[in-house]
Number of protein chains: 2
Amino acid sequence: MLASSTVENYLKAIHMGANGLRPGQRLLPMGQLAASLGVTPGTATTMAKTLADAGLAEYEPYAGVALTSQGERLAGLVLRRHRLVELFLVRVMGFGWDEVHDEAEHLEHVVSDRLIERIDEMLGHPEVDPHGDPIPNADGAIVTQPQDTLLTCPVGQPVVVTRVLDQNRAFLQFVETNQLKPGETIRVEGRDESADSVVVSGSSDRRLALGTRAASKLQVRAAG
Amino acid sequence: MLASSTVENYLKAIHMGANGLRPGQRLLPMGQLAASLGVTPGTATTMAKTLADAGLAEYEPYAGVALTSQGERLAGLVLRRHRLVELFLVRVMGFGWDEVHDEAEHLEHVVSDRLIERIDEMLGHPEVDPHGDPIPNADGAIVTQPQDTLLTCPVGQPVVVTRVLDQNRAFLQFVETNQLKPGETIRVEGRDESADSVVVSGSSDRRLALGTRAASKLQVRAAG
DNA sequence: CATATAGTTTTGAGCGGTCAAAAACAAGAA
DNA sequence: TTCTTGTTTTTGACCGCTCAAAACTATATG
């Protein structure tokens, strides 16, 4: 059973990439996969076929690649390790939520089942990591119900930030300094389609304008 | 600067292997290096030359290999990571001292400087790991004064176990169940050259006979 | 429909790490 | 000194992962 860290990274990348596809689209194009891994398209093609041979992915020439349920399961396990490690680094080791991603990126391939279950236990079987990303269960399954973002949530109603869909450090720091971290309660004051902006206010009544690009990366649920 | 996990493992193996050489011997033979890594002698030869080219080792054909000071430093850093991780797993994560070696073997190549220094701090800058092995400092330097073993320490005097020179799980469990772990106070009641044995007694006055092989793996210092 | 363009696959190659087996060597025995 | 034995080095090969560049679709455009 195929499972080098390289393979794990491809599985993760395919899983993640598939979540950014326009609806109806099932297969992730090679170019996208390659770009997300910082690799040549030819390399991605080769690997896609390897994964297909191993039963972890379905590969259609000139169309793209998608994970099989088995591949999805493995990807889930990698994500589980990654996210539990991130949360562990923040909660137990005292790191900032914006500085644990890279470390987790390495540890996720190396941490044993024993250790990861110990971590899970120590953290009280958490459901999400510091960014609000759901933590897959020990079978690699991810339970995730659709959520509103700042672009789709009701205007004028208080909402709680639940998830930040971008691991970029600068963005995370921006989110933190503007008190938009998961758990914060905010409110969308208005949206301006043509200005491409969303105005939000926090508890301190300070207003802040976000581009739709950024706004779409913040998931929320109704407060209460 | 060369530093894959493979290289790190070779550095560690050369360092460790050199500590088991009969005095006067400076170079570790290829056969021994290969055996300790579970690798073919030819492979070890190739790598020895690579390390020499990188300035990490000194390689003399048909004689063996030894670390340069630079190689020694890197080996020390690997050992530092390994041992801090082991101690962390025992003290913070609640694992048994006999079950952390393999995990550390993987983590040692992957854990960042930031994390390892955080661990070091959290543990209060410890000097030894759960087996009593010294923890190199952040420059990779190992401070280690020569110690007695059960074969060389004074007879009849109470001594404290300071270090167990064998990571084998069965041996560690034997040590634990017989209360010979680092920190325990014991006494050598006698040695019998021809029977190849050493008799020790613990606090509970229970006596125990060890073969010289095992006795040589337990380092001690005078109690008090 | 023909063609240009963007995306994809193939091919040939290289690097790191490994092995098996053949060749070379060191050192002691005859 | 010559031979024998055990170790070491060399050679040729392979696997996993990668790239550059050439060959090849698929699709949109004119």
Side-chain angles (χ1 to χ4, degrees), chain A residues 1-14 17-18 20-22 24-66 71 74 78 105-106 108-110, chain B residues 1-14 17-18 20-22 24-66 71 74 78 105-106 108-110:
Chain A
M1 172 138 305
L2 198 56
S4 63
S5 11
T6 306
V7 166
E8 293 188 342
N9 283 333
Y10 274 88
L11 294 176
K12 229 183 16 166
I14 297 171
L21 253 31
R22 47 179 150 334
Q25 196 81 349
R26 209 177 62 78
L27 297 170
L28 179 68
M30 284 323 185
Q32 238 155 293
L33 176 57
S36 79
L37 287 164
V39 121
T40 283
T43 304
T45 299
T46 307
M47 192 56 166
K49 288 198 239 177
T50 304
L51 293 178
D53 289 349
L56 300 176
E58 187 180 331
Y59 165 65
E60 196 175 314
Y62 293 99
V65 67
L74 283 192
V78 179
E105 207 71 10
H106 291 114
E108 66 185 6
H109 305 298
V110 139
Chain B
M1 172 137 305
L2 197 57
S4 63
S5 11
T6 307
V7 166
E8 293 187 343
N9 282 334
Y10 274 88
L11 293 176
K12 229 183 16 165
I14 297 171
L21 252 31
R22 46 181 151 332
Q25 196 81 349
R26 209 176 63 77
L27 298 170
L28 179 68
M30 283 319 169
Q32 240 156 292
L33 176 57
S36 79
L37 286 164
V39 122
T40 282
T43 303
T45 298
T46 306
M47 192 53 166
K49 288 199 239 177
T50 304
L51 294 178
D53 288 348
L56 300 176
E58 187 179 332
Y59 166 65
E60 196 175 314
Y62 293 99
V65 67
L74 283 192
V78 179
E105 207 71 12
H106 291 114
E108 66 185 7
H109 305 298
V110 140

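A note on names: the letters A, B, ... follow the listed sequences, proteins ahead of strands, and every chain is numbered from 1.
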Nearest-nucleotide pick for A:T43, side chain only, options being D:dT18, D:dC24, C:dA20: D:dT18
From D:dT9, C:dC19, D:dC17, nucleotide with atom closest to B:T40 side chain: C:dC19
Closest to the B:P41 side chain, choosing from D:dT9, C:dT9, D:dC19: D:dT9
Rounded distance (Å) that lies between atom C1' of C:dG17 and atom CG of B:L11: 15 Å
A:L21 vs A:Q32 side-chain heavy atoms within contact, under 4.5 Å: yes
Side chain of B:Y10 (C-beta onward), nearest among C:dT9, D:dT8, C:dT18: C:dT18
Length of the line joining A:N9:CG and D:dC17:P, which is rounded to integer Å: 10 Å
Given C:dG17, C:dT9, C:dT18, the nucleotide with the shortest approach to the side chain of B:T46: C:dT18
Interatomic distance where CD belongs to B:Q32 and P belongs to D:dT7 [whole Å]: 10 Å
Net bend of the helix from C:dC1-D:dG30 to C:dA30-D:dT1, end axes of five pairs each, nearest 10 degrees: 30°
Sugar-phosphate only, base, or nothing, as touched by A:G42 at under 4.0 Å among non-hydrogen atoms: base
Distance, rounded to the nearest Å, where A:M47 contributes CE and D:dG16 contributes C1': 9 Å
Per B:T6 side chain, nearest of listed nucleotides D:dT25, C:dT18, C:dC25: C:dT18
Whether over 12 other heavy atoms sit under 6.0 Å from B:H109 NE2: yes
Touch class at under 4.0 angstrom, heavy-atom based, for B:T50 against every strand present: nothing
Nearest to side-chain heavy atoms of A:Y62, which nucleotide of C:dA20, C:dT10, D:dC24: D:dC24
Nearest-angstrom distance from the residue atom CG of A:L33 to P of C:dT9: 11 Å
Heavy-atom check, side chain of A:L11 versus side chain of A:V78, under 4.5 Å: no
Euclidean distance, atom CG of residue A:L27 to atom C1' of C:dT9 [Å, nearest integer]: 16 Å
Closest-nucleotide 5' rank along DNA chain D - winner of A:V7 and B:G31: B:G31
Atom-to-atom span, CD of A:E8 to P of D:dC17 - whole angstrom: 11 Å
Which nucleotide in C:dT18, C:dT9, D:dT8 has an atom nearest any side-chain atom of B:M30: D:dT8
Close side-chain approach of B:L74 and B:E8, heavy atoms under 4.5 Å: no
